Trainee: 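Starting off with a structure, shown below.
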Amino acid sequence: MQALILAGGKGTRLRPLTMHTPKPIVPIAGRPFLQYQLELLKRADVRDVILSLSYQPHKIEDRLGDGTDFSVRISYAVEATPLGTAGAYRNAAAMISETTVVFNGDVLTDIDLNAVIRFHRERQATATIVLTPVPNPAAYGLVETEADGRVRRFLEKPKPEEVTCDTINAGIYILEPRVLDYVPAGEPFMFEYGVFPQLLERAEPFYAYTWRGYWRDIGTAASYLQANMDVLSGVVKLLPRPPSQRGDKFDPAAEIDGRSVVDPSCTLKAGAQIVNSFVSRNCLIEESARIENSVVRGGSRIGAGSIITGAIVGKGCHIGRAVTVNSGAVLGDKSVVTDYSQIGE
């Protein structure tokens, strides 16, 4: 089998974090996001992986290479202009010859991919779509199914009285190569609005697999932060939790709770407190600064007595003394916050 990861988006919902780092390699608990998807594919022994790219592709290629470091084989299909989900699939047609697992490039999940593939093969499906339940399905497009799992219809942005199920498109598909025949070459085309309606019209064997385990779209800052927290807490059962060890420049009076990970290259001064947070490489956390439920990216400095709570701090930021950064704040790379400032709620 093969896999195609749709990783060409600009990550606009995740700005400013994606201004200099494309979303596929924005770190989750210190690892590039796509590493989690690659691990999921490896568990199902799918090691031939195509990355469909468009935005800052060279940065992604430089970071992931040919996949050797991740025990997979990575090929790249770069779009000159964005082609949509199905258009990107068609753009990679020359590389596709087998049943293909297709992932949206912003989905974090620990789904049992072996079970999905088995479900697809047992039904001799042309296409299988993974569904996931959400608390407020009216905000999404719903997918209704028959009792045997066949897809009945798609319902986009339904009214409350039209809601008949709680399952939405999870952005994971298993597709046979003949699905390529339903996608025009060289033009923008979407699975949701272009391909899947055709499969239903032609009565192709099109099934849905419902996953009720962990699933998250990391496309917003709030969801990205929660994804980091979920990895730290062990909710996401994919890669081992990053190791937590005290570095040579950690003052003995600096406190780090058991849920946090602070890169050992950092400097922590006396009285610094790190609670349920991830602090990346070469950061300086000064005296009595407190970081809680937050992500601090590499090379940032948090001034003495500052409090960071429920926030994301980008690379190379300088937070002055006695600053308060409150829940929901997102600081882009190289942000400077002057002494005694208050940011957020």
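Keep in mind it's a predicted model, so treat the numbers as computed, not measured. When a residue number appears, it is its place in the shown sequence, counting from 1.
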Trainee: What I want to find out is whether E61 reaches K59 closely enough, with some N-O distance under 4.0 Å, to be called a salt bridge.
Mentor: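 No, this pair does not count.
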Trainee: Given the rule in the side chain to side chain contact (heavy atoms under 4.5 Å, CB included) test, do E192 and T85 qualify, once you have shown the distances and angles that lead to the verdict?
Mentor: CA-CA 8 Å; E192 301 87 334; T85 52; 3.3 Å; yes
Trainee: Determine whether T126 and V179 make a side-chain contact, defined as any pair of heavy atoms from C-beta on separated by less than 4.5 Å.
Mentor: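 In short, these two side chains touch, coming nearer than 4.5 Å.
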Trainee: Counting C-beta onward and ignoring hydrogens, is there a side-chain heavy-atom pair between K249 and L284 closer than 4.5 Å?
Mentor: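 No, side chains not in contact.
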Trainee: Determine yes or no for a side-chain-to-main-chain donor-acceptor pair under 3.5 angstrom, with N228 supplying the side chain and A29 the backbone.
Mentor: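 Yes; judged by distance alone, with no hydrogens or angles, the pair exists.
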Trainee: For the hydrophobic clusters of this structure (ILVMFWY residues joined by side-chain heavy atoms under 4.5 Å, transitively), does one cluster hold both V72 and I5?
Mentor: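 Shared cluster, yes.
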Trainee: Find out whether the Lys NZ or Arg CZ of R123 is both under 6.0 angstrom from the six-membered ring centre of F119 and within 45° of the ring's axis.
Mentor: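 Because its charged atom sits under 6.0 Å from the ring centre and within 45° of the axis, R123 does stack over F119.
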Trainee: Do I74 and L239 sit in one hydrophobic cluster, given that two such residues count as connected whenever their side-chain heavy atoms are within less than 4.5 Å of each other, even indirectly?
Mentor: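 Result: yes, single cluster for both.
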Trainee: In terms of side-chain geometry, is the basic nitrogen of D66 or R73 positioned less than 4.0 Å from the acidic oxygen of its partner?
Mentor: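 Between R73 and D66 there is no salt bridge, as every charged N stays at least 4.0 Å from the carboxylate O atoms.
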Trainee: Report yes or no: does S306 contribute a side-chain atom to a donor-acceptor pair with the main-chain N or O of A322 at less than 3.5 Å?
Mentor: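 Yes, S306 side chain to A322 backbone: donor-acceptor pair under 3.5 Å.
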Trainee: Counting N and O atoms only, with roles assigned by atom type, does the side chain of Q342 sit under 3.5 Å from a partner on the main chain of T324, one being a donor and the other an acceptor?
Mentor: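 Side chain of Q342 to backbone of T324, a donor-acceptor pair under 3.5 Å: no, none is there.
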Trainee: Below 3.5 Å, can you tabulate the donor-acceptor pairs from side chains in residues 251-258 to any protein atom, sequence neighbours excluded?
Mentor:
| from | atom 1 | to | atom 2 | distance (Å) |
| --- | --- | --- | --- | --- |
| D251 | OD1 | A253 | N | 2.7 |
| E255 | OE1 | Q273 | NE2 | 3.4 |
| D257 | OD1 | S260 | N | 3.2 |
| D257 | OD1 | S260 | OG | 2.5 |
| D257 | OD1 | N276 | N | 3.1 |
| D257 | OD2 | R259 | NE | 3.1 |
| D257 | OD2 | R259 | NH2 | 3.2 |
| D257 | OD2 | N276 | N | 3.3 |

Trainee: Are Y36 and V46 connected into the same hydrophobic cluster when the rule is that any two of I, L, V, M, F, W, Y join if their side-chain heavy atoms are below 4.5 Å apart?
Mentor: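 Yes; tracing contacts between hydrophobic side chains, which count when under 4.5 Å, links both residues.
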Trainee: Any donor and acceptor pair, going by atom type alone, linking the side chain of S294 with main-chain N or O of G310 inside 3.5 Å?
Mentor: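 Looks like yes, one N/O pair under 3.5 Å.
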Trainee: May I ask you to test the T109-R216 pair for a side-chain heavy-atom distance under 4.5 Å?
Mentor: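 No - every pair of side-chain heavy atoms lies 4.5 Å or more apart.
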Trainee: Check step by step if side chain to side chain contact (heavy atoms under 4.5 Å, CB included) holds for I312 and Y224.
Mentor: CA-CA 9 Å; I312 303 169; Y224 168 77; 3.6 Å; yes
Trainee: Side chains of V116 and D112: closer than 4.5 Å at any heavy-atom pair?
Mentor: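 V116 vs D112: side chains apart.
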Trainee: Could you tell me whether the side chain of H120 reaches within less than 4.5 Å of the side chain of T99, counting heavy atoms only?
Mentor: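 Contact flag for T99/H120 side chains = yes.
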Trainee: Between CG of N293 and CG of L225, what distance do you get to the nearest 0.5 Å?
Mentor: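 With rounding to 0.5 Å, CG (N293) is 7.5 Å from CG (L225).
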Trainee: So does M95 get a backbone contact from the side chain of Q2, meaning a donor-acceptor N/O pair under 3.5 Å?
Mentor: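 A pair under 3.5 Å: yes.
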Trainee: Donor-acceptor pair, distance only, cut-off 3.5 Å: does the side chain of S341 make one with the backbone of T338?
Mentor: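 Between the backbone of T338 and the side chain of S341 there is a qualifying donor-acceptor contact (under 3.5 Å).
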Trainee: How long is the span from the NZ atom in K237 to the CG atom in L40, to the nearest 0.5 Å?
Mentor: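 It comes to 13.5 Å.
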Trainee: For atom CD of E98, decide whether the heavy atoms of other residues, nucleotides or ligands shown that lie under 6.0 angstrom number more than 12.
Mentor: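 For E98, atom CD is crowded (more than 12 foreign heavy atoms under 6.0 Å).
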Trainee: Would you please indicate if the ring centroids of F191 and Y89 are separated by under 6.0 Å?
Mentor: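 Yes; Y89 has its ring centre under 6.0 Å from that of F191.
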Trainee: Please answer: with hydrophobic residues joined when any side-chain heavy atoms are less than 4.5 Å apart, are Y209 and V143 in the same cluster?
Mentor: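 Each belongs to a different hydrophobic cluster.
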Trainee: Report the residue from V130, V102, T132 that forms a side-chain contact (heavy atoms from CB on, under 4.5 Å) with I172.
Mentor: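 Result for side-chain contact (heavy atoms from CB on, under 4.5 Å) with I172: V130.
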Trainee: A side-chain contact here means heavy atoms from C-beta on lying under 4.5 Å apart; do W211 and D110 qualify?
Mentor: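 Yes, at least one pair of side-chain atoms sits under 4.5 Å.
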Trainee: Of the non-hydrogen atoms in Y76 and G65, which two are nearest, and what is the gap between them?
Mentor: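 Where Y76 meets G65 most closely, the heavy atoms are OH-O, 2.6 Å.
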Trainee: Search all heavy atoms of R297 against all heavy atoms of C283 and return the closest pair with its distance.
Mentor: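 The answer is O-SG, 3.2 Å.
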Trainee: To the nearest 0.5 Å, what is the distance between CZ on F70 and CD on Q37?
Mentor: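 Going from CZ on F70 over to CD on Q37, the span is 12.5 Å.
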Trainee: With rounding to the nearest 0.5 Å, note down the distance linking CZ in R301 to SG in C266.
Mentor: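 So the CZ of R301 and the SG of C266 are separated by 13.5 Å.
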Trainee: Decide whether I111 and I28 are clustered together by the hydrophobic rule: side chain heavy atoms of Ile, Leu, Val, Met, Phe, Trp, Tyr closer than 4.5 Å, transitively.
Mentor: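 Linked within one cluster.
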Trainee: Verify, without hydrogens or angle tests, whether W215 (side chain) and V107 (backbone) share a donor-acceptor contact under 3.5 angstrom.
Mentor: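 Judged by distance alone, no pair lies under 3.5 Å.
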Trainee: For D181, does the CG atom have more than 12 heavy-atom neighbours from other residues, nucleotides or ligands under 6.0 Å away?
Mentor: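 Correct, the count exceeds 12.
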Trainee: If only atom types and distance count, is the side chain of N326 paired as donor or acceptor with the main-chain N or O of T309 below 3.5 Å?
Mentor: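 Answer holds: no.
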Trainee: Output, in order, the C-alpha distance, side-chain angles, deciding distance and verdict of ring pair (Phe, Tyr, Trp, His ring centres under 6.0 Å) for Y173 and F196.
Mentor: CA-CA 11 Å; Y173 319 115; F196 296 156; 5.2 Å; yes
Trainee: Can you check whether C317's main-chain N or O pairs, donor with acceptor, with S300's side chain at less than 3.5 Å?
Mentor: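 Yes; at least one donor-acceptor contact below 3.5 Å.
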Trainee: Passes side chain to side chain contact (heavy atoms under 4.5 Å, CB included), V275 versus R290? Steps please.
Mentor: CA-CA 8 Å; V275 180; R290 180 179 175 88; 3.8 Å; yes
Trainee: Donor-acceptor check, side chain of D333 to backbone of K315, threshold 3.5 angstrom: yes or no?
Mentor: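 Confirmed, D333 side chain pairs with K315 backbone.
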Trainee: Determine the minimum heavy-atom distance between A272 and E286, stating which atoms define it.
Mentor: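 It is CB-O, 3.9 Å.
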Trainee: If you compare all heavy atoms of V78 against all heavy atoms of N91, which two are closest, and at what distance to 0.1 Å?
Mentor: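 Taking every non-hydrogen atom into account, O-ND2, 3.8 Å.
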Trainee: Would E292 and S277 count as a side-chain hydrogen bond (donor to acceptor under 3.5 Å, both in side chains) here? Give the steps.
Mentor: CA-CA 6 Å; E292 184 172 1; S277 295; over 6 Å; no
Trainee: With the side chain counted from C-beta on, respond yes when L108 and Y214 share a heavy-atom pair under 4.5 Å apart, and no when they do not.
Mentor: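 Counting from C-beta outward, L108 and Y214 do come under 4.5 Å.
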Trainee: Between atom CZ of F103 and atom CG of L38, what is the distance when rounded to the nearest 0.5 Å?
Mentor: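 Going from the CZ atom of F103 to the CG atom of L38 covers 9.5 Å.
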Trainee: So how far is it from D45 CG to L113 CG, rounded to the nearest 0.5 Å?
Mentor: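 So the CG of D45 and the CG of L113 are separated by 11.0 Å.
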Trainee: Taking all non-hydrogen atoms of both residues, which atom of D339 and which atom of G320 are closest, and how far apart?
Mentor: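 Minimum heavy-atom separation between D339 and G320: OD1-CA, 3.2 Å.
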Trainee: Where do V183 and R90 come nearest, in terms of heavy atoms and distance?
Mentor: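 The answer is O-NE, 3.1 Å.
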Trainee: With a cut-off of 6.0 Å (strictly less than), are more than 12 heavy atoms of other residues, nucleotides or ligands near CZ of R178?
Mentor: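 Enclosed.
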Trainee: Heavy-atom distance under 4.5 Å between the side chains of S71 and R47, does that happen here?
Mentor: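 Sidechains of R47 and S71: in contact.
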Trainee: Check step by step if side chain to side chain contact (heavy atoms under 4.5 Å, CB included) holds for L131 and I168.
Mentor: CA-CA 5 Å; L131 308 181; I168 66 167; over 6 Å; no
